[in-house]
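None of these values were measured; they are calculated from a predicted model.
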Amino acid sequence: MDVQSWTFLLVGLSFALYIGIAIWARAGTTKEFYVAGGGIHPVVNGMATAADWMSAASFISMAGLISFMGYDGGVYLMGWTGGYVLLALCLAPYLRKFGKFTVPDFIGDRYYSQTARTVAVICAIFISFTYVAGQMRGVGVVFSRFLEVDIVTGVLLGSCVVFFYAVLGGMKGITYTQVAQYCVLMFAYLVPAVFISILVTGNPIPQLGFGDTLADGSGTYLLDKLDGLATELGFTEYTSGTKSKIDVFFITFGLMVGTAGLPHVIVRFFTVPKVSDARRSAGWALVFISILYTTAPAVASFARFNMIETINGSDGAGVVHANAPSWISNWEKTGLIAWDDKNGDGRMFFSGDDRNEMKIDRDIIVLANPEIANLPAWVIALVAAGGVAAALSTSAGLLLVISTSISHDLLKRNLMPDISDKQELMYARIAAACGIAVAAYLGINPPGFVAQVVAFAFGLAASSFFPAIIMGIFYKKMNKEGAIAGMLSGIGFTASYIIYFKFINPGANMPENWWFGISPEGIGTLGMMVNFVVALVVQKMTGEAPDHIKDLVESLRYPKGAGEAQDH
């Protein structure tokens, strides 16, 4: 069978599996819809959390960023991994002890304020829509190539599948679907990685092949070869960084604390039976995540090596376009690869200076990797199924956050406290459906590369939720005025900075114009500092939290007991 037939088969089977699980695990109550009934085993929850976490940014775009950026791309690897350590140690058990459904629930009750709850709802929706834009873009990229449809159609197809199992199953359906998606995406990521590692270095373990010598018998190490190719073609050395140390620190730290503040990740720790299970879930999630994250640098390096070799040819003079490898012509149809024959010689050439004739979207690297390495059609299709699984798993988690923020936090806990459980569940499903419509629009009209868009979402989470949650747990004097002022100032500053440099004046998005040399991807760390400072200053000016809130915080500091998820 050809690639398209294999893709229809494997993606179709995976969709049937996801939808079947959604029907089997259909949510019948708000507790099942919001937190899967609170009875998920820590290992199962860890795997579901890993799938929720390893989005299109991790599966599709992270290796692409590392492949193009080299050493500089490692900030995404460090930040996203380190965030889970922070989450496991500082947040997960305490939030589970609190026993509420959502992050806005925690904010509203801890800061004894409906205004704080509403601000948290707005932040959660803003962050989730920013994040989900990257996921739906990932779905569109996968479908546009492998199902040979345009990106718009691809996004709409993916939206229909997410609509079915997210709206029907809620968190219960999403949890078990994400376990299946984790298995699909990891198998899809590792199989081509192992194949290509053997072809390039002769080593079947990608993590070791990454630092091994090439299989051509030259005795040259892969990374040394990439450094030589990079400098010869006008790029910076692959293993050397160009970002300033302050920007590397701010991006890495922003991704770490953004991880710990992401609402769709935090809500997963409300689905386990006990407080101790929350910490165990975070540990298992880190184990499952590390399998992909330790493989990504190897995949990125193999892809870059093979890409340069197939475009520029063994003699370094470029390949004739008419005889170009099939992967180039296949991806040219999607518009994600373009060739401009500058010297009129009919040959394609890829470089980092004015000799460059190729425009390559970095989001295609992982998806095109098996084609570049000339692997069998079923492996190419398998990667497509994995990319779709990664994008859909995170999309579902984000859409659940949007729906619960509206139905539970805004309506049930604020505007319409008298609605029944059945009505609340109906509103949750309506909100999820509306969320999918907006997500589809953002996927069709994305504000940047997949991983880049996701980095913005992390910055927004870091600057809004993280300080409010940390101070809510560890600083019992923090009052509602301080928390509200901090969240508004943090997310307002961060969003303004990103919007200015990415949308209002993108031509000024250069290091010399950034505040203190901090890029829009790293500005969330500075926004977090703004949040902390404003919150503390306002708290000093307006007094301490009431005594009963201090007692509540004191009880959170000793996370023992089940902390049953409650509706009020």
Run Arg304 and Phe235 through side chain to side chain contact (heavy atoms under 4.5 Å, CB included) and show every step you take.
CA-CA 12 Å; Arg304 187 172 182 86; Phe235 296 101; 3.4 Å; yes

Residues which pass side-chain contact (heavy atoms from CB on, under 4.5 Å) with Ile66, listed by chain and number, not counting sequence neighbours:
Met62, Tyr238, Ala300

May I ask you to decide if Ile251's main-chain N or O and Tyr76's side chain share a donor-acceptor pair within less than 3.5 Å?
no

Under the side-chain contact (heavy atoms from CB on, under 4.5 Å) test, which residues partner Pro511, sequence neighbours left out?
Trp514

Sorted by chain and residue number, the side chain to side chain donor-acceptor pair (under 3.5 Å) partners of Thr294 (sequence neighbours excluded) come out as Gln207

Looking only at atom types and distance, does a side-chain atom of Arg110 sit under 3.5 Å from a main-chain N or O of Gly472, one as donor and one as acceptor?
yes

In Å and rounded to the nearest 0.5 Å, what is the CE to CZ distance from Met471 to Phe466?
10.0 Å

As an exercise, state the distance from OG1 of Thr115 to CD1 of Ile484, rounded to the nearest 0.5 Å.
5.0 Å

Table please: side-chain donor-acceptor pairs of residues 283-292 below 3.5 Å, with sequence neighbours left out.
unit_1, atom_1, unit_2, atom_2, d
Ser290, OG, Leu286, O, 3.4
Ser290, OG, Val287, O, 2.7

Who pairs with Glu544 by side chain to side chain donor-acceptor pair (under 3.5 Å), at least two apart in sequence or on another chain?
Lys550

Stepwise, does the side chain to side chain contact (heavy atoms under 4.5 Å, CB included) test hold for Ile498 with Glu521?
CA-CA 8 Å; Ile498 292 171; Glu521 289 81 3; over 6 Å; no

Is the backbone of Trp515 close enough, under 3.5 Å, to the side chain of Tyr497 for a donor and an acceptor to pair up by distance?
yes

So, taking the atom named CG in Asn531 and the one named CE in Met529, what distance separates them when rounded to the nearest 0.5 Å?
12.0 Å

Steps toward side chain to side chain contact (heavy atoms under 4.5 Å, CB included) verdict (Thr239, Tyr71)
CA-CA 5 Å; Thr239 57; Tyr71 178 86; 5.5 Å; no

List, one per line, each side-chain donor-acceptor pair under 3.5 Å for residues 473-480, sequence neighbours excluded.
unit_1, atom_1, unit_2, atom_2, d
Tyr475, OH, Gln539, OE1, 3.0
Lys476, NZ, Glu554, OE1, 3.1
Asn479, OD1, Glu481, N, 3.4
Asn479, OD1, Gly482, N, 2.8
Asn479, ND2, Glu481, OE1, 3.4
Asn479, ND2, Thr542, OG1, 2.7
Asn479, ND2, Gly543, O, 2.6

Taking the side chain from Ser555 and the backbone from Leu552, do they hold a donor-acceptor pair closer than 3.5 Å?
yes

Could you give me the CA-CA distance, side-chain angles and deciding distance for Ile523 and Phe493, then say whether side chain to side chain contact (heavy atoms under 4.5 Å, CB included) is met?
CA-CA 9 Å; Ile523 199 63; Phe493 168 78; 3.8 Å; yes

Could you measure the distance from the CD1 atom of Ile491 to the CD1 atom of Ile122? Nearest 0.5 Å is fine.
9.0 Å

